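Here the structure is laid out as structure tokens; the discussion comes afterwards.
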Amino acid sequence: MTEAFFALFHGLPRQGPGSDATTLRLLDLARPLPERPRVLDLGCGPGRSALLLAKAGARVTGLDTHQPFLDDLAKAAEGLDVDTVNASMADPPFPDGEFDLLWAESSVFVLGFDTALRTWKRLLKPGGALVLTECEWSTGTPSAAARQFWDEQYPLRTTEENSAAAVAAGYRVEAVFPQPDSDWFDEFYDHLAARADAAAGDPAMAEAVAAARREIAMRREHGSEYQYTGYVLRTYQ
């Protein structure tokens, strides 16, 4: 299933809901930053966000465990201040206080919100920022179908619950940015749906295709009940 997942997602513009506009908006919300901030992109995938951050003047390290993604990023980043590290987000191989900014678009779910905040905090310089995006409920009364789907995949919380968890972990919540619905389809689900259609005849891909189609259908039918939200969190000086 893991190999099929990577095959299905490899070469897509993004591996989760997002857009260049959202990345740049979150970067603006994370300011002030040093002139050339040291940035760690955790779960960078093929590096869409890492490339934008580097073009904006950051010195970026992209971290992922899937080497083909890192190879794609290294090729696309030629001439930019970007390096790559094949390592787990659960144990980033860097000393404490190494980075001005941690970046995690559509990747926090791998560890879980609370675990990620605890694990990564040591990597930030005093007053450094963590930017992440997280899927969460946009209603206090989700339908039974949406609740069942997400309880099986990745149990969701509300913005209020995640904000409280961030404060409890020792961060200051500086900005919360609900991502637009176009972030789900224009650069992610539309491409994923086309890839699933192309792979539908391959028995080895059947489970991954079915999972992708179910996720897309859930969004179409119940998308008003949950959202991706960008957070800008900052440690204290």
Side-chain angles (χ1 to χ4, degrees), residues 1-23 25-26 42-49 64-66 68-69 72 89 104-116 132-162 176-231:
M1 180 62 174
T2 300
E3 292 182 3
F5 168 84
F6 282 126
L8 191 64
F9 278 71
H10 192 89
L12 296 181
R14 290 181 177 271
Q15 281 63 51
S19 64
D20 291 358
T22 288
T23 297
R25 175 59 175 156
L26 291 171
L42 293 138
C44 64
R48 186 68 170 261
S49 298
D64 207 287
T65 57
H66 187 54
F69 282 160
D72 288 347
M89 291 187 294
E105 284 193 63
S106 303
S107 61
V108 167
F109 75 92
V110 174
L111 298 184
F113 191 88
D114 296 345
T115 299
L132 60 87
T133 64
E134 173 76 328
C135 192
E136 53 188 29
W137 296 120
S138 54
T139 175
T141 55
S143 64
R147 173 75 74 179
Q148 180 179 354
F149 175 84
W150 283 108
D151 282 353
E152 293 173 357
Q153 304 297 320
Y154 179 72
L156 305 186
R157 299 191 297 205
T158 63
T159 301
E160 292 74 19
E161 289 169 327
N162 282 327
V176 176
F177 176 69
Q179 296 177 225
D181 190 63
S182 58
D183 277 9
W184 290 81
F185 285 95
D186 290 356
E187 289 196 60
F188 182 43
Y189 277 158
D190 288 348
H191 298 273
L192 180 59
R195 182 66 62 80
D197 289 346
D202 184 349
M205 300 291 291
E207 189 175 354
V209 167
R213 286 176 167 171
R214 183 181 177 217
E215 182 179 329
I216 294 169
M218 178 58 58
R219 181 65 189 177
R220 293 193 186 281
E221 295 170 14
H222 297 278
S224 64
E225 299 175 42
Y226 56 94
Q227 64 190 19
Y228 247 86
T229 302
Y231 284 85

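Computed from a predicted structure; not experimentally measured.
Here the shortest heavy-atom pairing between Pro155 and Asp151 reads CG-O, 3.9 Å. The two residues Ala212 and Leu8 make their nearest non-hydrogen contact at CB-CD2, 3.9 Å. Closest heavy-atom contact between Glu134 and Leu132: CB-CD1, 4.1 Å. Here the closest heavy-atom approach between residue Ala199 and residue Met205 is recorded as O-CB, 3.9 Å. Of all the heavy atoms in Tyr154 and Gly112, the pair that sits closest is OH-CA, 3.8 Å.
Side-chain contact check for Phe149 versus Arg214: some heavy-atom pair is nearer than 4.5 Å. Put simply, the side chain of Phe188 does not reach to within 4.5 Å of the side chain of Ser106, judged on heavy atoms. By the 4.5 Å heavy-atom criterion applied to side chains, Arg219 and Asp181 are counted as neighbours.
For the pair Arg147 and Tyr226, the cation-pi criterion (under 6.0 Å, within 45° of the ring axis) is not fulfilled.
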Show, in sequence, the C-alpha distance, side-chain angles and deciding distance for Asp183 and Tyr228, and conclude whether the side chain to side chain contact (heavy atoms under 4.5 Å, CB included) test is met.
CA-CA 9 Å; Asp183 277 9; Tyr228 247 86; over 6 Å; no
Is there a side chain to side chain contact (heavy atoms under 4.5 Å, CB included) between Thr133 and Leu26 once you walk through the steps?
CA-CA 10 Å; Thr133 64; Leu26 291 171; 3.9 Å; yes
Assess whether side chain to side chain contact (heavy atoms under 4.5 Å, CB included) is satisfied between Val108 and Met89, documenting all intermediate values.
CA-CA 9 Å; Val108 167; Met89 291 187 294; over 6 Å; no
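Side chain to side chain, Thr159 and Glu136 meet the donor-acceptor criterion of an N or O pair below 3.5 Å. Donor-acceptor pairing under 3.5 Å is lacking for the side chains of Gln179 and Thr22. A donor-acceptor contact closer than 3.5 angstrom links the side chains of Ser143 and Glu225.
Expressed to the nearest 0.5 Å, how far NE2 of His10 lies from CZ of Arg195 amounts to 8.5 Å. Distance check, rounded to the nearest 0.5 Å: SG of Cys135 to CZ of Arg157 gives 12.5 Å. Atom-to-atom distance recorded for Asn162:CG and Asp114:CG is 7.5 Å, nearest 0.5 angstrom. Distance CG/Leu12 to CG/Asp190: 11.0 Å, rounded to 0.5 Å. Going from atom CG of Leu156 over to atom CH2 of Trp150 covers 5.5 Å, rounded to the nearest 0.5 Å. The distance from atom CG of Asp186 to atom CG of Asp20, rounded to the nearest 0.5 Å, is 11.5 Å.
The one candidate from Arg220, Glu215, Arg14 that meets the side chain to side chain contact (heavy atoms under 4.5 Å, CB included) condition with Tyr189 is Glu215.
Judged purely by atom type and a 3.5 angstrom limit, His191 has no side-chain atom pairing as donor or acceptor with the backbone of Phe185. Between the side chain of Thr23 and the main chain of Ser49, no donor-acceptor pair closer than 3.5 Å is present. Of the possible polar contacts, none joining the Trp184 side chain to the Pro17 backbone as a donor-acceptor pair under 3.5 Å is found. Side chain of Gln15 to backbone of Phe9: a donor-acceptor contact under 3.5 angstrom is found. A side-chain donor-acceptor contact under 3.5 Å links Ser138 to the backbone of Ser224.
Ion pairing between a basic and an acidic side chain is recognised when a charged N comes within 4.0 Å of a carboxylate O; Glu187 and Arg48 show such pairing.
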